[in-house]
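Take a look at the structure set out below.
The figures here come from the full heavy-atom set of this structure, side chains too, leaving out hydrogens, waters and symmetry mates. Numbering starts at 1 and runs along the sequence shown.
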Amino acid sequence: MKILVAMSGGVDSSVAALKLKSEGHDLIGATIQTWPKEECDAEGEKLCCSESAVRYARSVAEDLDIPYHVIDLSREFAEIVKDYFAEEYSRGRTPNPCIYCNSRIKFGLLLKKARQMGAEKIATGHYARILKGPGGCMLSEARDKWRDQSYFLYDISQKELSSVLFPLGEMAREEVKEMAVGRNFMSAWRKSSQDVCFATAQSDYRDYLSKLGIEAFKEGDILDTSGKVIGRHKGVAAYTVGQRRGLGLAMPQPVYVLKIDADNNTITVGEKEHAMNSRIRVAGFNWLIMEKLKGKMRFQTKIRYNSKKEAASVIPWGDDEAVVEFDRPQFAPTPGQAAVFYDDEVVAGGGWIEEALM
């Protein structure tokens, strides 16, 4: 089978290519260039399209004797992912660019490029599994639950799942590292690429946003839960719901960001008990096991990548929205992040958190 392997230069994608090559597949190696070349060359080694990332990926492709390409999607990345990232922060939300990039760039545009190059499927080094079900392919958690990345992949369309391979889905991270070391890949000792590729060792996402000159860095009031002004903030884009550090407040008890109001340029803070919510509103669904939510259903639900799955009822509310009611309160559900629903290990679908409800 002819397969395009997305190679970031890291150990995971390198071993994914090695595993497929050992199974006898005809491979094409490819790295997505998400930044203009002059910017990629200047980025640190942890970034996924830096000069060092390309060097690592190319060395693995040469070792495996497979063709290798750098596919320039920097214009599309800017129009789709960067704009989304900036717009969400300007609205007082906390975006998840990895989810957005996966569904629209890696398993969207790159998959189209792969088909143009004659490949039947696309493979990545993500820790997740594709299972066969009665209705077609299903997205499932990886065997290595500590490394599972299915949360970031829920927004891939059900149609495209049949064209996706995750060769590491049944492997533990230790096995992957051992294979890379055994093959003496350069990538075996490379640090993992970081989640937000807008940040470098010298800066972070705030620097990137500030260069855009968006209004989200205008100072404003910090309010307590009664509406009293208790301080000043540095701009709504510099904060996220649930944040405790960096607020610049001298309070007798730790306080957390509870609400970001971009329209009024205010941030509301309160103690941890005020950050606990049992109900959230979710919209913009991508369902993988059904076409649409037609009635109340029970799922195990994650509201952030590193959180545990929690039991919840998902109740339709409007055309493409639902209210999620958790069996027990959750800490700081964050608008802009994803709520992902699981049926045991299978990803049922997910949507974007719009607001926490009282």
Side-chain angles (χ1 to χ4, degrees), residues 34-36 38-40 42-44 46-50 74-101 104-105 193-251 254-270 274-275 283-284 303-305 331-338 352-356:
T34 54
W35 293 79
E38 62 274 12
E39 294 184 38
C40 274
E43 301 294 348
K46 288 182 70 179
L47 303 187
C48 57
C49 74
S50 65
S74 58
R75 179 180 60 82
E76 294 87 345
F77 186 83
E79 293 174 353
I80 297 171
V81 182
K82 286 185 184 179
D83 286 356
Y84 147 80
F85 186 80
E87 174 64 20
E88 286 289 270
Y89 268 114
S90 70
R91 295 171 58 200
R93 295 160 61 91
T94 302
N96 196 313
C98 294
I99 292 175
Y100 219 73
C101 182
R104 290 155 179 81
I105 303 295
S193 58
Q194 57 197 48
D195 287 341
V196 181
C197 57
F198 309 121
T200 70
Q202 293 77 35
S203 63
D204 64 17
Y205 78 90
R206 296 174 182 86
D207 294 318
Y208 168 75
L209 289 173
S210 64
K211 291 175 184 177
L212 300 180
I214 62 175
E215 289 293 319
F217 284 99
K218 181 181 178 182
E219 290 191 2
D221 292 330
I222 299 178
L223 312 176
D224 65 14
T225 53
S226 70
K228 178 183 176 182
V229 176
I230 58 173
R232 296 284 288 175
H233 67 72
K234 300 176 182 178
V236 295
Y239 305 86
T240 187
V241 170
Q243 180 177 333
R244 179 171 69 88
R245 299 183 184 279
L247 301 181
L249 298 172
M251 305 292 287
V255 293
Y256 303 79
V257 175
L258 304 179
K259 181 181 179 181
I260 300 173
D261 186 341
D263 292 336
N264 294 305
N265 196 31
T266 61
I267 290 174
T268 301
V269 301
H274 299 117
I303 59 172
R304 54 180 58 88
Y305 167 62
F331 174 72
T334 306
Q337 291 293 292
W352 300 104
I353 299 173
E354 295 298 318
E355 62 176 333

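Residues passing the salt bridge (charged side-chain N to carboxylate O under 4.0 Å, His left out) test with Glu76: none are found, sequence neighbours excluded. Not counting sequence neighbours, the partners of Ala237 by the side chain to side chain contact (heavy atoms under 4.5 Å, CB included) test are Tyr89, Leu209, Ala216, Phe217. Evaluation of the side-chain hydrogen bond (donor to acceptor under 3.5 Å, both in side chains) rule for Arg245 yields no partner, not counting sequence neighbours. For the ring-ring contact (aromatic ring centres under 6.0 Å, His included) test, residues two or more places apart in sequence or in another chain that qualify with Tyr100 are Tyr84. Here Thr240 pairs with Thr94, Gln243, Thr334 under the side chain to side chain contact (heavy atoms under 4.5 Å, CB included) rule; sequence neighbours left out. Contacts of Glu79 classified as side-chain hydrogen bond (donor to acceptor under 3.5 Å, both in side chains), with partners at least two apart in sequence or in another chain: Arg75. Asp224 pairs by the salt bridge (charged side-chain N to carboxylate O under 4.0 Å, His left out) definition with nothing, not counting sequence neighbours. Looking at residues two or more places apart in sequence or on another chain, you find a side chain to side chain contact (heavy atoms under 4.5 Å, CB included) between Lys218 and Glu215, Asn265. For the salt bridge (charged side-chain N to carboxylate O under 4.0 Å, His left out) test, residues two or more places apart in sequence or in another chain that qualify with Arg104 are Asp155. Under the salt bridge (charged side-chain N to carboxylate O under 4.0 Å, His left out) criterion, Arg244 pairs with no residue, sequence neighbours left out. Listed by chain and residue number, Lys82 satisfy the side chain to side chain contact (heavy atoms under 4.5 Å, CB included) test with Ala78 (two or more places apart in sequence, or in another chain).
Side-chain atoms of His274 and Tyr256, non-hydrogen and from C-beta on, never get closer than 4.5 Å to each other. Considering only heavy atoms from C-beta on, Leu223 stays 4.5 Å or farther from Lys228 through its side chain.
Smallest separation of non-hydrogen atoms from Gln337 and Ile303: CB-O, 4.1 Å. In terms of heavy atoms, Gly242 sits closest to Ala332 at CA-CB, 3.5 Å. Counting all heavy atoms, side chain and backbone alike, Cys101 lies closest to Val81 at CA-CG2, 4.0 Å. Summarising the geometry of Pro333 relative to Ala275, their closest heavy-atom pair is CD-O, 4.1 Å, with the distance given to 0.1 Å.
Rounding to the nearest 0.5 Å gives a distance of 4.5 Å between CD of Glu354 and CZ of Arg93. The line from OG of Ser74 to CD1 of Ile105 is 10.0 Å long, rounded to the nearest 0.5 Å. Atom CH2 of residue Trp352 and atom CD1 of residue Ile99 lie 4.5 Å apart, to the nearest 0.5 angstrom. Note that CZ of Arg91 is 12.5 Å distant from CD1 of Ile260, once rounded to the nearest 0.5 Å.
Each of Thr268, Leu247, Ile222, Ile230 was compared with Val255 under the side-chain contact (heavy atoms from CB on, under 4.5 Å) criterion, and only Leu247 meets it.
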Begin with the C-alpha distance, continue with both residues' side-chain angles, and end with the deciding distance and a verdict on side-chain contact (heavy atoms from CB on, under 4.5 Å) for Asp221 and His233.
-> CA-CA 6 Å; Asp221 292 330; His233 67 72; 5.6 Å; no
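For the salt bridge (charged side-chain N to carboxylate O under 4.0 Å, His left out) condition, no pair includes a residue of residues 258-270, sequence neighbours left out.
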